[in-house]
Amino acid sequence: MARYLGVPLLAAALLLAGCQSLPDTQPFTDATISLRSAVGTSGKAALTELKALKFKESDERARLREQVKQLEAAWKTRENVMKAMSDYATSLQAIVDAGKKGEESVKQLTGAAQTFLGAVGAAGMTGPAAALVGDAVNFAGGFVIRAQAAKSLEQAMVDLQPAITRTAELMAADALDLRGMLDLCYEQQERMLDDEDENAASLAFWSSLQRERNDVIREVRTKLDDKKLADEAGKAALARLAQLDELIAGLKPWRESYVAKVAHIREQQRLSSALMDEMQAGFGVWAATHHKLHVAVQTKRPPTTAELTDTAKRIHDLIERFRQL
Amino acid sequence: MSMHPKFAKWRTSLDKMLAEAGQLAGTDSDPVDRRDLRDRLHFFIRDNPDVLPDDPSTEVYGEMDEIARRTRDDLLLDEIAKRIDRIADRTYELGELEKKARARAALNEKTAKSLRLEKATKVVTSLTESVNAIKELKAQLDGSPSTEEDFTALATKLGKALQSLQDLRTSVESGT
């Protein structure tokens, strides 16, 4: 406290001349939280889809159980690392906030000191001069704290940049593998749908009807071209076409229900792929932005974080849509 | 039992796919090729003749369906396993990165606290509270307690003064 009270006004002016701006780290914090949420959601989705797979043989089911356990354990580490990164981002924010509120902190301390002096009955400065000195001390002290905050911020970012870069690389690789794994799960879901008794029989029937219909249409077209549609064979082909269309129409309710279920699986696949792709790209932008913030502190120029903000928003929107499915 | 008329054709098709599966197993072949094989095995199951209860010669199609399904599902599980193994291989390094981030976050929080001058302000505030408590105690002693309520009030003020001094000591010693 004594050294702040003792800072000459000239030194305060010099500090003003070399004033240190602190970057806005909020976009980085928001993006980190967004990515953390994406990692959580994608892991849960992957485990849910994996557990939903059904296999006929007991050794296949046992193999699947092992894979689920392996993925659960591995993903716990991912959630932990993103928690740590969120805490780190928040702690950067805390340094910036402390730096920006430096003047206020000095004011609180000088205020507490004044109260102490009053309690022990010491004679302090009073009147307009005291107010002027107090204001100058608060102001200068605020700049000292701001400069210290900038230095601490720079040191923190230099220290952790390699870990941020490497985390981004590993998590992006995870997103790619998780996407591939989810694609396999959705593929198997469609197979399982096809394997259901009702669907298996109807699909086979539908396929054979479509194949025969295509053959009959070719025959009808040939007859038409040869102007022989009115002959016995032509009439038989037309009759058969009508029969086939009637049978296909009979399958319509089943077909609509089946197609809707397949569409739902494919929509889930599409959204999950989009989320994984955003996550993969998002981690790259996240690491690059951390580096930009570091450069911003060094060069005293504000960084551009628009790309990171856009990425974070896209990820947030995808998560919401995915959760609604 | 007579052979079903289309059996040979379907059996040949299945054998060909099983040979392909054998070649792909344990290799890093193109995932598109492996997906294509799974699809063909799946369509084989869908498209081959149905097992008819009153035609024993069709039982073979049920047996072939089981072989095709098993092969298809094993290929899928192999693919899933590859991806999960790759994810698992990255776990240790991510664990180490987590530790670095946590350590740095803790250090940053301590720095922020220091920048907020929390310790200095707390020390001065505690000191002020100690002084005020002692002043009140002194006033109490000079006034000579005469009732039980006075003694209770005195004890409360003593406790407050001592607690305040203890807090101050703790602050200074622990550096919080």
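Reminder, nothing fancy here: chain letters follow the sequence lines and each chain counts from 1. Just so it is clear, the structure is predicted and the values come from calculations on it, not from any experiment.
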Novice: With only heavy atoms counted, which part of B:E96 is less than 4.5 Å from chain A, the side chain, the backbone, both or neither?
Specialist: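 Contact with chain A is absent: no heavy atom of B:E96 under 4.5 Å.
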
Novice: Closer than 4.0 angstrom, basic N to acidic O: yes or no for A:D159 and B:K100?
Specialist: no

Novice: How long is the straight-line distance from CG of B:L107 back to CD of A:Q155, given to the nearest 0.5 Å?
Specialist: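 So the CD of A:Q155 and the CG of B:L107 are separated by 9.0 Å.
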
Novice: Between A:L50, A:L160, A:T90, who has the most heavy-atom pairs with chain B when the cutoff is under 4.5 Å?
Specialist: A:L160

Novice: Got a salt bridge between A:R61 and B:D73, using NZ or NE/NH1/NH2 to carboxylate O under 4.0 Å?
Specialist: no

Novice: By a 4.5 Å heavy-atom criterion (distance strictly below it), what part of A:S207 contacts chain B: side chain, backbone, both, or neither?
Specialist: side chain

Novice: Between B:N48 and chain A, with a heavy-atom cut-off of 4.5 Å, which part of the residue counts as in contact: side chain, backbone, both or neither?
Specialist: neither

Novice: Among A:A156, A:P162, A:A163, which residue forms the greatest number of heavy-atom pairs with chain B at distances under 4.5 Å?
Specialist: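 With the most close heavy-atom pairs to chain B, the winner is A:A156.
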
Novice: Might you work through the side chain to side chain contact (heavy atoms under 4.5 Å, CB included) test for A:D174 and B:L94, ending with a clear yes or no?
Specialist: CA-CA 11 Å; A:D174 275 352; B:L94 280 165; 3.8 Å; yes

Novice: Should the pair A:D183-B:R83 be classified as a salt bridge under the 4.0 Å nitrogen-to-oxygen rule?
Specialist: no

Novice: If I measure from the heavy atoms of chain B, does A:R63 come under 4.5 Å with its side chain, its backbone, both, or neither?
Specialist: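 Only the side chain of A:R63 comes within 4.5 Å of chain B.
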
Novice: Would you say A:D59 has more than 12 foreign heavy atoms packed within less than 6.0 Å of its CG?
Specialist: yes

Novice: Which atoms of B:D74 are under 4.5 Å from chain A, going by heavy atoms: the side chain, the backbone, both sets, or neither?
Specialist: both

Novice: Once rounded to the nearest 0.5 Å, what's the spacing between atom CG of A:L153 and atom OG1 of B:T111?
Specialist: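 A:L153 CG to B:T111 OG1: 10.0 Å, rounded to 0.5 Å.
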
Novice: Give me the contact list for residues 91-101 of chain A versus chain B, heavy atoms only, anything under 4.5 Å, ordered by residue number.
Specialist: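 Listed by number, the contacting residues are A:S91, A:L92, A:A94, A:I95, A:A98.
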
Novice: Are A:K56 and B:E66 close enough, and set up right, to give a salt bridge (charged side-chain N to carboxylate O under 4.0 Å, His left out), and what steps lead you there?
Specialist: CA-CA 10 Å; A:K56 219 172 164 187; B:E66 282 308 302; 2.7 Å; yes

Novice: Restricting to non-hydrogen atoms, name the atom on B:L77 and the atom on A:Q67 that form the minimum distance, rounded to 0.1 Å.
Specialist: O-NE2, 3.2 Å

Novice: Side chains of A:Q70 and B:D85: does their closest heavy-atom pair fall under 4.5 Å?
Specialist: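 Result yes, sub-4.5 Å side-chain heavy-atom pair found.
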
Novice: Heavy-atom pairs under 4.5 Å with chain A are the metric here; pick the option from B:E93, B:R102, B:R69, B:K99 that has the most.
Specialist: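 So the answer, after comparing B:E93, B:R102, B:R69, B:K99, is B:E93.
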
Novice: Check A:R78 against B:I87 and note the closest heavy-atom contact, atom names and distance.
Specialist: NH2-O, 2.6 Å

Novice: Please classify the contact between B:R72 and chain A as side chain, backbone, both or neither, with a heavy-atom cut-off of under 4.5 Å.
Specialist: side chain

Novice: Between B:R90 and A:T77, does any side-chain donor sit less than 3.5 Å from a side-chain acceptor?
Specialist: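 No, A:T77 and B:R90 have no side-chain donor paired with an acceptor closer than 3.5 Å.
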
Novice: Could you check which of A:L176, A:L53, A:L170, A:L71 has the highest count of heavy-atom pairs closer than 4.5 Å to chain B?
Specialist: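 Highest number of pairs under 4.5 Å: A:L170.
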
Novice: Name the member of B:R70, B:R86, B:K82 that forms the most heavy-atom pairs with chain A at distances under 4.5 Å.
Specialist: B:R70

Novice: Could you tell me which non-hydrogen atom of B:A101 sits nearest to which non-hydrogen atom of A:A84, and how far apart they are?
Specialist: CB-CB, 3.8 Å

Novice: Output the option from A:L178, A:D177, A:V81 having the highest count of non-hydrogen pairs under 4.5 Å with chain B.
Specialist: A:D177

Novice: Between A:A173 and chain B, which part of the residue has a heavy atom less than 4.5 Å away: side chain, backbone, both or neither?
Specialist: both

Novice: With rounding to the nearest 0.5 angstrom, report the CE to CG distance, A:M171 to B:L97.
Specialist: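 It is 10.5 Å, given to the nearest 0.5 Å.
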
Novice: Counting heavy-atom pairs under 4.5 Å to chain B, which of A:E57, A:M181, A:M85, A:R166 comes out on top?
Specialist: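 The candidate making the most pairs under 4.5 Å is A:R166.
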
Novice: To the nearest 0.5 Å, how far apart are CG in A:D194 and CD1 in B:I45?
Specialist: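 It is 9.5 Å, given to the nearest 0.5 Å.
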
Novice: Which distance, rounded to the nearest 0.5 Å, do you find between the NZ of A:K69 and the CD1 of B:I84?
Specialist: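 So the gap between those two atoms works out to 13.0 Å.
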
Novice: Run the side chain to side chain contact (heavy atoms under 4.5 Å, CB included) check on A:T167 and B:E98 step by step: do they pass?
Specialist: CA-CA 9 Å; A:T167 299; B:E98 180 210 338; over 6 Å; no

Novice: Just give me the residue among B:E109, B:R116, B:R38, B:H42 that pairs up with chain A most often, heavy atom to heavy atom, under 4.5 Å.
Specialist: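 Highest number of heavy-atom pairs under 4.5 Å: B:H42.
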
Novice: Check each atom of B:D78 against the heavy atoms of chain A and say whether the ones under 4.5 Å are side chain, backbone, both or neither.
Specialist: both

